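Some notes on the structure that comes next.
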2 protein chains.
Amino acid sequence: MDALDDIDKRLLRLLQADAKLTTKELAAQLNLTLSPIYERIRRLENLGYIKQYVAVLDKAMLGQSIMAFCQVSMRYHDKAFINKFEEEVQKLEEVQECYHMAGQVDFLLKIHVGSLGEYHDFVKNKLSQIENIGVLNSTFVLKEIKHDLGYHIA
Amino acid sequence: MDALDDIDKRLLRLLQADAKLTTKELAAQLNLTLSPIYERIRRLENLGYIKQYVAVLDKAMLGQSIMAFCQVSMRYHDKAFINKFEEEVQKLEEVQECYHMAGQVDFLLKIHVGSLGEYHDFVKNKLSQIENIGVLNSTFVLKEIKHDLGYHIA
DNA sequence: AGTGAAACTCGCCGTCC
DNA sequence: GGACGGCGAGTTTCACT
């Protein structure tokens with residue numbers, strides 16, 4: 001019921017590259033008619049394989065040209081402090097991604113801002129205001145070499 | 001000509017959250033008729049604010065449940081070696097993202113695989129086969145705390 | 001599960017304000 | 001720069017296989 005056959009996989013690959021493909025175009029590429037394609041897509045949506053459809057914007061054109069990774073280690077590792085940090089991070093719009101990591105560093109944050117001044121403001125007035133942060137180490141992206149939007153489908 | 005007014009910004013926010021909204025629904029939310037919405041979207045596409053439309057899939061359901069960050073430092077920093085590394089990384093399907101960084105570490109890679117065994121295989125047989133890699137340091141994601149798909153629009 | 005066709009809605013374009 | 005209207009195209013459903 002929830003296994004993917006070969007057509008499902010090809011469908012997912014096509015849709016994660018271009019969500020605007022019409023059922024007609026998809027049907028032509030997969031050698032089927034409109035109905036089965038239509039129903040397969042709805043099935044993949046309902047089972048949760050497809051979570052949503054989004055427009056991908058250009059961050060440089062939106063003035064978000066500085067990207068940085070920020071490694072955060074907590075002073076104490078109490079559950080309450082960890083939970084508090086995770087809650088606070090959700091509220092910070094500069095934080096695009098946040099991961100709880102294995103190893104010396106507790107959290108890795110991906111940050112998007114418009115300038116180094118904004119980054120300074122973010123660290124000084126927002127991030128470091130969260131209590132119990134021990135070490136805080138930022139590294140900046142010089143160039144984006146690769147950024148795949150879709151996942152590899154086996 | 002290429003500046004965004006308030007309606008453009010609201011339009012971009014709505015579309016990067018849900019690309020399947022119809023012009024009709026967008027028009028209703030922005031208190032306009034269909035034509036201006038339609039033309040604004042085409043304008044935002046042509047100017048490059050909207051790069052593409054994609055379906056967002058569930059990586060866990062696709063069996064890509066292990067996520068890791070891999071820090072790579074080159075032995076020598078010749079332009080030719082750097083270019084070669086960047087080329088090779090493009091070919092590796094496990095590498096979701098790759099950034100050239102400022103600081104001690106040269107590159108930061110975000111890796112998606114299905115198991116630790118696959119990760120081992122990736123490092124041993126693919127990544128470390130690229131010449132001139134000096135230090136290679138992997139850290140695994142325990143939990144995804146936050147992952148915004150859209151950018152913050154000022 | 002897939003085909004083919006019918007009904008309905010939306011995207012798209014022209015014209016007008 | 002936005003409103004209105006008509007045609008083509010896409011989506012959605014159904015009866016049949």
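If you're wondering where the values come from, they're calculated on a predicted model, not measured in any experiment.
For the segment residues 31-42 of chain B, the set of residues with a heavy atom within less than 4.0 Å of an atom of DNA chain C comprises B:Tyr38, B:Arg42, in numerical order. For DNA chain C, the residues of residues 6-28 of chain B within the heavy-atom distance limit of 4.0 Å (strictly under) are B:Thr22, B:Thr23, B:Lys24, sorted by number.
The pair B:Lys110-B:Glu94 does not count as a salt bridge, with every side-chain nitrogen at least 4.0 angstrom from each carboxylate oxygen. Ionic pairing of A:Glu39 and A:Arg42 is not present here: no N-O contact between side-chain nitrogen and carboxylate oxygen is shorter than 4.0 angstrom. Salt-bridge check for A:Arg40 with A:Asp5: passed, with a basic side-chain N closer than 4.0 Å to an acidic carboxylate O. Under 4.0 Å is where a charged nitrogen must lie from a carboxylate oxygen, and between A:Lys126 and A:Asp121 no such pair does.
What separates CG of A:Leu30 from C1' of C:dA1 is a distance of 15 Å, to the nearest Å. To the nearest angstrom, C1' of C:dA1 lies 14 Å from CG of A:Leu44.
The cationic group of A:Lys20 lies under 6.0 Å from the six-membered ring centre of B:Tyr53 and within 45° of the ring axis, placing it in a cation-pi geometry.
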Donor-acceptor contacts under 3.5 Å from residues 57-67 of chain B side chains, at least two apart:
{"unit_1": "B:Asp58", "atom_1": "OD1", "unit_2": "B:Ala60", "atom_2": "N", "d": "2.9"}
{"unit_1": "B:Asp58", "atom_1": "OD1", "unit_2": "B:Met61", "atom_2": "N", "d": "3.1"}
{"unit_1": "B:Lys59", "atom_1": "NZ", "unit_2": "B:Glu144", "atom_2": "OE1", "d": "2.9"}

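Residues B:Tyr151 and A:Leu116 do not share a hydrophobic cluster, defined by chaining ILVMFWY side chains whose heavy atoms lie under 4.5 Å apart.
Ring pair A:Phe69/B:Tyr99 is tilted by interplanar angle, where 30° to 60° counts as tilted.
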